[in-house]
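Presented below is the structure to which this report refers.
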Amino acid sequence: MLDRDVLLREIGLSPIWRSRETTTAATASQTSVQHANAESPEPLNTAQADAPNTPPLVTTASPTAESDADRAARIATLSWAALTADIAACRACKLCETRTHTVPGVGNTSPEWMVIGEGPGEQEDKQGEPFVGRAGQLLDQMLAAAGKSRKESVYIANVVKCRPPGNRDPQTDEISACAPYLERQIALAQPKLLLALGKFAGQTLLSTDATVAAMRASPGERSGIPVVVTYHPAYLLRSPLEKAKAWCDLVAAKRLSESRAE
Ligand code: URA
């Protein structure tokens, strides 16, 4: 029987993600990412306007607050900068009470791909940037294998912009309160492809309660933009053999986005 490392090597997924046809390109891309880390300015981090929280005087929206519909309509008109400021000041759900920083998103604001995760974890909450922990390192490797990077061709955001305490799942009311922000980010970014990482991103983008397996099997669309659902990198860290399936999803995503570029 094949041992796991041998199997992963055989399918080109160890020690790092590599496309057989694009090994050289992927390696060059990784090198340039590392180089850029050392010498280039940071990518636009739309969290920069944010500041650590002070204890709330009012914990949730006041009775005079705008209606959900008015709020969504107002958010739908915001620029990137105004959106970042609005997110930093947001008190639309209870996650504002426990966050350190809001985590709006990072990367190229006119991206080829927009990657959507679930919500900030501990490190992201501390730094105000999405996917900076171990799952983020794997995500960067996955993107590099597909010839993409958060510095150049990808914008990364989450379904909820504040950390759910203890990394619990985001709740329905929290996802709904944050939905106008995600909607506006997609409208401003106009990516060729939306890559949804895991159940919450897939279900939110595709407005479904289907499983990841079902969503992977039938790519959908959101606002006319193709949506490919794949496994969340945190899940892939726990279940590395699933990387082969995620790799197939990335190949499908690349094909779809390239066909839209033609
Ligand atoms: N997991 C996510 O879904 N998003 C992050 O930003 C970090 C980890």
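Numbers here are sequence positions counted from 1. Every heavy atom of this structure was used, including side-chain atoms; hydrogens, water molecules and symmetry mates were not. In listed order, ligands and their atoms are each counted from 1.
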Exercise. Considering heavy atoms of the protein only, find what lies nearest to atom 4 (N) of ligand 1 and give residue, atom and distance to 0.1 Å.
Key: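 For this ligand atom, the closest protein heavy atom is N158 OD1, 2.8 Å.
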Quiz item: Of the protein's non-hydrogen atoms, which lies at the shortest distance from atom 8 (C) of ligand 1, and what is that distance?
Solution: F131 CE2, 3.8 Å
Can [X] and [Y] be counted as having a side-chain donor-acceptor contact under 3.5 angstrom?
{"X": "S153", "Y": "N108", "result": "no"}
{"X": "K161", "Y": "Q185", "result": "yes"}
{"X": "Y231", "Y": "D249", "result": "no"}

Practice problem: Closest by any non-hydrogen atom to atom 1 (N) of ligand 1: pick that one out of E118, Q127, H232. | Solution: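 Among E118, Q127, H232, the closest heavy atom to atom 1 (N) of ligand 1 belongs to H232.
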Quiz prompt | Option with minimal heavy-atom separation from atom 5 (C) of ligand 1, where the choices are G117, G119, A157 | solution =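 Minimum heavy-atom distance to atom 5 (C) of ligand 1 goes to G119.
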Quiz item: Any N/O of P120 closer than 3.5 Å to an N/O of ligand 1?
Solution: no
Quiz item: Between F200 and I175, does a side-chain contact (heavy atoms from CB on, under 4.5 Å) hold up when you go through it step by step?
Solution: CA-CA 9 Å; F200 289 98; I175 293 174; 3.9 Å; yes
Quiz item: Under 3.5 Å, side chain of R260 to main-chain N/O of K192, donor-acceptor pair present?
Solution: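 Flag set: sc R260 to bb K192 pair under 3.5 Å.
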Self-check item: P130 neighbourhood, listing ligand 1 atoms whose heavy-atom distance to it stays under 4.0 Å
Solution: 6 (O)
